[in-house]
Visitor: 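Next up is a structure, given as structure tokens.
Each ligand, and each atom within it, is numbered from 1 in the order the structure gives. Basis for what follows: all heavy atoms, side chains included, without hydrogens, waters or symmetry-related copies.
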Amino acid sequence: MKQFRIRIVGGSLAGLFAGIMLQQAGHDVRIYERSKNGLAGRGAGLVGQSDLLHILRLIGCEHVARVGVVAKERIYLNHDGSIAQTVRMPQTQISWDVLFETVAARIAPETYHLGRGVIDVLDGGSGAELVFEDGTREATDLAIGADGLGSVVRPALNPNNNENRYSGYVAWRGLIPEASLPTAALVLLDRFSFHVRPGVHMLGYLVPGSKGEMNRGSRRYNWVWYRKVPQSDLAATFTDRDDRSHAFSLPRGDLSDDRLTALRADACEVLPPQFALAVEAEPSPSIHGIFDYEAPRMIGRSIVLVGDAAFVARPHTAMGVSKAAGDVMALSNCLASETDLPIALQRFEAERSVVGREVVAYGRQLGASAI
Ligand SMILES: Cc1cc2nc3c(=O)[nH]c(=O)nc-3n(C[C@H](O)[C@H](O)[C@H](O)COP(=O)(O)OP(=O)(O)OC[C@H]3O[C@@H](n4cnc5c(N)ncnc54)[C@H](O)[C@@H]3O)c2cc1C
């Protein structure tokens with residue numbers, strides 16, 4: 001197998017999966033992550049789909065899948081808080097934080113560089129060049145864009161179609177210690193709970209504690225409230241308490257006090273009382289825009305996109321991490337079985353662009369009935 005110099009832009013799960021798999025295969029790999037302080041402690045929960053479980057086995061992290069909280073059933077609440085329907089459908093939520101930290105521990109530390117934002121990637125016939133925020137440059141045989149929703153690698157391959165398409169709604173999210181839920185809201189625990197009616201979509205479930213705690217009293221409750229926001233109000237929605245605007249989300253701790261008060265008042269009016277209490281218990285909700293994106297091209301001559309940089313699917317699919325895992329396993333297989341880089345990349349794109357489009361379409365379909 002031919003060994004390549006590979007540089008990865010983005011050090012979240014797609015970048016880490018790629019870095020570990022390709023290091024295991026003997027390639028010279030480095031990961032450049034823009035965040036200065038790392039990503040640990042920022043996630044909630046996710047569903048362990050088959051491609052995720054598969055890659056975890058390949059990189060020796062299969063034990064992470066056991067760090068999860070089981071929701072024994074789904075309940076659908078009426079506006080008055082009574083239970084309209086109960087569906088026996090157990091589902092496990094794995095901890096995003098534990099997953100991230102366990103996977104991050106598998107990468108050779110000297111090859112993972114924090115605070116290294118890339119601003120451009122140039123594609124050439126015999127390699128690519130990364131341009132960093134500080135003006136430095138680095139040549140590589142293959143550049144992997146694992147830089148998510150706001151990818152800077154994407155435009156190098158798709159100059160005329162690299163914008164995420166806004167869905168018309170955002171997700172407000174809260175993540176609170178379960179102990180902060182008042183007694184009147186305890187029906188929410190140990191269940192996947194929903195309140196869905198025209199124009200309203202709220203859900204919530206337990207996830208492990210930030211260190212993977214699974215015992216009663218130490219877990220966290222994650223709620224997600226999908227709310228329509230006209231495109232014209234999106235910039236204001238993502239403007240923080242210091243008047244700084246963010247591109248795709250409003251991080252925890254950045255919401256102004258007035259908006260928090262308004263959110264709580266809306267929750268009392270619109271949501272069942274148990275969910276309104278869960279909203280009340282969150283002092284720092286975050287807001288995430290819901291977008292779709294399909295890359296017309298996943299590959300260039302010496303560049304490839306994986307994960308959310310290539311395809312952004314709505315969160316209702318719960319497939320973002322699994323899709324990234326599938327991309328990385330396919331890329332790793334193509335590089336292992338083909339010495340010619342362009343041919344390996346073409347095989348990769350043929351395999352994964354179909355999957356990416358299907359997942360985005362599925363997310364759009366779920367979204368159409370979600371709100
Ligand atoms: C902090 C965080 C928490 C998350 N929590 C959850 C969760 O609880 N549940 C869930 O299902 N999904 C969660 N996700 C999303 C999920 O991980 C992704 O949908 C999926 O793993 C695909 O990820 P990705 O690596 O392709 O993109 P992302 O996860 O978006 O990662 C992209 C990475 O690239 C970095 N980056 C961006 N631009 C540049 C640049 N120019 N130069 C260098 N680096 C750059 C970003 O800082 C980021 O780390 C979370 C993502 C993040 C980043």
Visitor: Can you figure out which of D308, L39, I119 has its heavy atom closest to atom 23 (O) of ligand 1?
Guide: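 When every heavy atom of D308, L39, I119 is considered, D308 comes closest to atom 23 (O) of ligand 1.
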Visitor: Flag L46 as yes when one of its N or O atoms lies below 3.5 Å from any N or O atom of ligand 1, and as no otherwise.
Guide: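 No, since none of the N or O atoms of L46 sits under 3.5 Å from an N or O of ligand 1.
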Visitor: Can you label the angle between the H27 ring and the F4 ring as parallel, tilted or perpendicular, going by 30° and 60°?
Guide: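 Parallel: the ring planes of H27 and F4 meet at under 30°.
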Visitor: Would you list the pairs meeting side chain to side chain donor-acceptor pair (under 3.5 Å) in which at least one residue belongs to residues 339-355, sequence neighbours left out?
Guide: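 Checked against side chain to side chain donor-acceptor pair (under 3.5 Å) - neighbours excluded - the pairs reaching residues 339-355 are R297-E349, D327-R352, S337-R347.
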Visitor: Of G148, P251, P315, A309, which has the heavy atom at the shortest distance from atom 30 (O) of ligand 1?
Guide: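 Closest candidate by heavy-atom distance is G148.
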Visitor: When you look at F238 and H246, which way does the ring pair (Phe, Tyr, Trp, His ring centres under 6.0 Å) test go after all the steps?
Guide: CA-CA 5 Å; F238 299 149; H246 301 253; 8.4 Å; no
Visitor: Side chains of Q23 and T111: is there a donor and an acceptor less than 3.5 Å apart?
Guide: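 On atom types as modelled, these side chains qualify, holding a pair under 3.5 Å.
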Visitor: Of all heavy-atom pairs between C61 and V103, which one has the smallest distance, and what is that distance?
Guide: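 Smallest heavy-atom distance, with atoms named: SG-CA, 4.3 Å.
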Visitor: Taking NZ, NE, NH1 and NH2 as the nitrogens, is one of them in R219 or E178 under 4.0 Å from a carboxylate oxygen of the other?
Guide: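 E178 and R219: salt-bridged.
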Visitor: Between atom OG1 of T317 and atom CZ of R364, what is the distance when rounded to the nearest 0.5 Å?
Guide: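 Those atoms lie 12.0 Å apart.
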Visitor: List the closest protein heavy-atom neighbour of atom 31 (O) of ligand 1: residue, atom name, distance to the nearest 0.1 Å.
Guide: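 Looking only at protein heavy atoms, the one closest to atom 31 (O) of ligand 1 is S12 CB, 3.0 Å.
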Visitor: Atoms of ligand 1 less than 4.0 Å from G10 heavy atoms?
Guide: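 So the answer, numbered in order with elements, is 34 (O), 35 (C), 44 (N).
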Visitor: Is the shortest distance from a Lys or Arg side-chain nitrogen in R227 or D266 to a carboxylate oxygen in the other one below 4.0 Å?
Guide: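 Here R227 pairs with D266 in a salt bridge, since their nearest N and O are under 4.0 Å apart.
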Visitor: Regarding atom 9 (N) of ligand 1: of the candidates G38, G45, A310, A18, which has the closest heavy atom?
Guide: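 Residue with the shortest heavy-atom distance to the ligand atom: G45.
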Visitor: Just which atoms of ligand 1 are under 4.0 Å from any heavy atom in Y32?
Guide: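 That gives atoms 43 (C), 44 (N) of ligand 1.
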Visitor: Specify side chain, backbone, both or neither for A146, according to which of its non-hydrogen atoms lie closer than 4.0 Å to ligand 1.
Guide: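 Answer for A146: backbone.
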Visitor: Output yes when the distance from some N or O of ligand 1 to some N or O of R34 is under 3.5 Å, and no in every other case.
Guide: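 Between R34 and ligand 1, an N or O pair is found under 3.5 Å apart.
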Visitor: From the options F132, F248, W96, F311, select the one whose nearest heavy atom is closest to atom 15 (C) of ligand 1.
Guide: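 The residue whose heavy atom sits nearest atom 15 (C) of ligand 1 is W96.
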Visitor: Can an N or O of G43 be found at a distance shorter than 3.5 Å from an N or O of ligand 1?
Guide: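 It does not: no N or O of G43 is found under 3.5 Å from an N or O of ligand 1.
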Visitor: Below 4.0 Å, non-hydrogen atoms only: which portion of K323 touches ligand 1? Side chain, backbone, both or neither.
Guide: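 Within the 4.0 Å criterion, K323 makes no contact with ligand 1.
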Visitor: Going by heavy-atom distance to atom 41 (N) of ligand 1, choose the closest among V118, V312, N222, T317.
Guide: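 It is V118 that holds the nearest heavy atom.
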Visitor: Could you say whether the N/O atoms of V152 and ligand 1 ever approach to under 3.5 Å?
Guide: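 Among all N and O atoms of V152, none is under 3.5 Å from an N or O of ligand 1.
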Visitor: Just to be sure I read this right, does ligand 1 sit under 4.0 Å from the backbone of F100, its side chain, both, or neither, counting only heavy atoms?
Guide: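 For F100, there is no contact with ligand 1 at all, from either part.
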Visitor: I'd like to know if R252 and E282 make a salt bridge, using a cut-off of under 4.0 Å between side-chain N and carboxylate O.
Guide: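 Salt bridge flag = yes for E282 with R252.
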